[in-house]
Undergrad: 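Structure below; questions to follow.
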Amino acid sequence: MGKRESVSRSDRTGLPEEVVPGRDYRDSTVVYRLDTRLTGDTDGDDGDDRDADGDADRGDAD
């Protein structure tokens, strides 16, 4: 995997500023957003087995 920049944010409703571990909260919502992007070259195998055309490489000969 290459270098990346990430930013996360959560919007909470129905919760106090500080929540207490183990305490149940009702009628609450948490919306979590994560934005990330690659910032440079990857450092090798990215785990994706697609060839240059974008086709998945299944290891079988054409």
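Along the sequence shown, residues carry numbers from 1.
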Undergrad: Where is the tightest heavy-atom contact between G14 and S28, given as atom of each residue plus distance?
TA: O-CB, 3.7 Å

Undergrad: Given the rule that I, L, V, M, F, W and Y join up when any side-chain heavy atoms are under 4.5 Å apart, are V30 and V20 in one cluster?
TA: yes

Undergrad: For T39, enumerate each residue passing the side chain to side chain donor-acceptor pair (under 3.5 Å) test, keeping only those at least two apart in sequence or located in another chain.
TA: none

Undergrad: Show every side-chain hydrogen bond (donor to acceptor under 3.5 Å, both in side chains) that has at least one partner inside residues 11-24, sequence neighbours left out.
TA: R9-D11

Undergrad: So, using side chain to side chain donor-acceptor pair (under 3.5 Å) as the criterion, who are the partners of D35 when residues are at least two apart?
TA: R33

Undergrad: Rounded to the nearest 0.5 Å, how far does CZ of R4 lie from CG of L38?
TA: 8.0 Å

Undergrad: What's the spacing between S10 OG and L15 CG if we round to 0.5 Å?
TA: 9.5 Å

